[in-house]
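What follows is a set of notes on a single structure, which appears directly below.
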Amino acid sequence: MTKTTELTATVCWKAPSNLAIVKYWGKKGTQEPLNPSISFSLQQSYTQTTVSVKPAKKSGFTFRLEGEPREAFNVKIEQFLQQAAQFLPFLQNHHLTIDSYNSFPHSSGIASSASAMSALALGISSLHQLSLGKKADAIDPIMVSGLARLGSGSACRSVYGGWSIWGKTNTINESSNRYAIPLSQGIHPTFQSLHDTILLIDTTPKKVSSSLGHQLMEQHPYRQARIDQAYANSEKLIRILASGELQSFFELAEAEALSLHGLMMSSNPGYTLFHGNTITAIHRIRAAREKERLPVGFSLDAGPNIHLLYPGSHQEQVTTWINHELKELCYEGRMIHDHIGQGPEFLKI
Ligand code: PMV
């Protein structure tokens with residue numbers, strides 16, 4: 001493969017985390033998903049990554065998180081950059097300095113690998129553009145999404161704002177297992193301004209990684225049933241997002257979140273990531289929806305923290321209720337008030 005001319009440059013991207021309503025759980029081939037997933041990008045929860053590049057005899061990188069070297073992440077980054085070098089040849093004869101900052105605390109139930117890998121994929125794609133003599137922000141989102149997927153599956157959905165889908169479905173012709181695409185058409189206003197308050201119930205690092213969880217799907221007794229469920233739920237969610245129907249949305253989001261955790265409990269070995277307060281919060285959320293007609297529902301990522309979902313139109317009423325009923329279930333009363341976001345931002349430096 002031809003090596004590129006020498007480049008000295010710095011770029012900076014801010015990329016959001018995202019919350020999947022239909023969950024990706026289990027992989028096949030080269031980081032392709034067992035089933036389609038649908039998510040929305042957050043606004044306040046993001047990773048900001050500055051990547052500086054200078055010529056070197058061979059490839060290499062230095063990584064800092066919040067200004068500190070974090071060796072635990074080096075293997076994952078190295079594997080990612082090696083794969084990326086097939087598509088971005090400048091990586092073979094340059095050294096990268098990667099400085100990342102998260103806007104949210106570590107282990108807060110927010111997918112940091114999604115925002116981190118997406119920000120890094122955007123950064124190296126911009127540098128690739130510069131190495132070709134093009135503008136740094138003239139990147140192709142689909143290409144970046146495919147690249148981000150190699151770093152972390154869920155990251156491929158973080159290169160867009162609003163809603164996106166990753167994984168081939170019959171309903172959306174352009175959908176693919178190799179990259180995510182935005183779901184910009186046919187989203188009802190209710191779902192364009194959705195709020196997500198993350199209840200930080202337990203902030204200790206989780207004991208079982210998502211990588212292991214994906215692996216356990218290979219021999220899972222419910223594997224095929226889960227694949228069928230996720231395909232059906234993807235099609236159903238696309239219809240719900242167009243209709244604006246909140247009750248069906250909450251039912252589907254909760255069924256998906258509980259299926260994800262059910263799959264963890266029923267794998268071999270099985271495990272549980274819930275905290276006692278996770279269950280208490282679920283009961284209170286469902287009771288508020290059913291008895292008080294409050295438009296609230298929940299989702300969960302691979303952890304004990306609850307993503308409380310509600311329409312922007314009810315923000316004041318829901319916030320009062322959260323402070324009254326849910327805040328006491330959170331570690332030190334901590335919560336992150338977030339909402340559906342605009343997507344990545346190229347920052348001038
Ligand atoms: O992208 P990964 O390998 O960290 O997997 C993420 C899986 C879930 O967050 C649980 C679901 C999803 O679709 O984001």
Side-chain angles (χ1 to χ4, degrees), residues 15-42 45 47 72-73 75-77 79-80 83 102 104 106-121 145-160 163-167 169 175 177-180 183 196 198 205-218 220 226-227 229-231 233-234 237 252-265 267 271-274 278 298-307 309:
S17 182
N18 68 71
L19 175 74
I21 296 300
V22 176
K23 310 286 183 185
Y24 146 58
W25 203 236
K27 350 179 167 196
K28 59 184 180 194
T30 314
Q31 190 87 334
E32 291 195 11
L34 277 189
N35 61 265
S37 55
I38 300 179
S39 65
F40 63 87
S41 286
L42 293 164
S45 310
T47 301
F73 292 96
V75 174
K76 207 167 176 189
I77 295 172
Q79 283 170 354
F80 172 57
Q83 281 178 291
N102 287 334
F104 48 88
H106 189 55
S107 300
S108 55
I110 295 175
S112 57
S113 64
S115 52
M117 283 301 179
S118 154
L120 182 55
S145 176
L147 196 61
R149 176 194 112 239
L150 299 173
S152 169
S154 55
C156 76
R157 301 183 310 242
S158 273
V159 306
Y160 309 107
W163 291 87
S164 62
I165 179 165
W166 171 38
T169 60
S175 57
N177 283 346
R178 287 179 290 116
Y179 48 79
L183 269 182
D196 177 0
I198 302 142
K206 60 184 178 207
K207 287 171 214 76
V208 182
S209 69
S210 289
S211 307
L212 182 58
H214 288 298
Q215 254 178 48
L216 291 171
M217 283 308 288
E218 281 165 28
H220 201 290
R226 166 58 194 159
I227 296 173
Q229 179 194 44
Y231 272 91
N233 278 344
S234 298
L237 181 58
L252 187 147
E254 294 177 4
E256 274 289 315
L258 295 176
S259 264
L260 171 71
H261 283 260
L263 290 163
M264 294 171 190
M265 292 181 207
S267 62
Y271 60 102
T272 159
L273 299 180
F274 282 162
T278 311
F298 69 87
S299 182
L300 292 150
D301 219 322
N305 300 318
I306 297 260
H307 287 253
L309 306 170

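Note that these values count all heavy atoms, side chains included, but never hydrogens, waters or copies made by symmetry. Remember, predicted model here, so these are calculated numbers, not experimental data. Counting convention: from 1, in listed order, for ligands and their atoms alike.
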Checking heavy atoms under 4.0 Å, the part of Ala20 that sits near ligand 1 is side chain
Go through it in stages, so that I can follow the logic: the residues are Ile198 and Leu19, the test is side chain to side chain contact (heavy atoms under 4.5 Å, CB included), and I'd like the CA-CA distance, side-chain angles, deciding distance and then a yes or no. CA-CA 11 Å; Ile198 302 142; Leu19 175 74; over 6 Å; no
Check whether the side chains of Ser118 and Ser158 place a donor and an acceptor atom closer than 3.5 Å, and report yes or no. no
Between Ser115 and Thr47, do the side chains contain an N or O donor and an N or O acceptor separated by less than 3.5 Å? yes
When you compare ligand 1 with [X], is there at least one nitrogen or oxygen pair between them that comes in under 3.5 angstrom?
| X | value |
| --- | --- |
| Asn18 | no |
| Tyr24 | yes |
| Ser152 | yes |

Hey, are the side chains of [X] and [Y] touching, using non-hydrogen atoms and a 4.5 Å cut-off?
| X | Y | result |
| --- | --- | --- |
| Trp166 | Ser37 | yes |
| Met217 | Lys27 | no |
| Leu273 | His261 | yes |

Residue and atom name of the nearest protein heavy atom (relative to atom 1 (O) of ligand 1), distance in Å to one decimal: Ser154 OG, 2.7 Å
Using a 4.0 Å cut-off to any heavy atom of [X], which atoms of ligand 1 qualify?
| X | result |
| --- | --- |
| Gly153 | 1 (O) |
| His214 | 2 (P), 3 (O), 5 (O) |
| Ser113 | 4 (O) |
| Arg157 | 12 (C), 13 (O), 14 (O) |

Would you indicate which of Leu19, Ile21, Asp301, Ile38 comes nearest to atom 10 (C) of ligand 1 when only heavy atoms are counted? Asp301
Has Met117 got any heavy atom lying under 4.0 angstrom from an atom of ligand 1? no
If we only consider heavy atoms of Trp25, is any one of them less than 4.0 Å away from an atom in ligand 1? yes
Separation of Phe80 CZ from Leu147 CG (nearest 0.5 Å): 4.0 Å
Parallel, tilted or perpendicular: which one describes the rings of Trp25 and His214, with boundaries at 30° and 60°? tilted
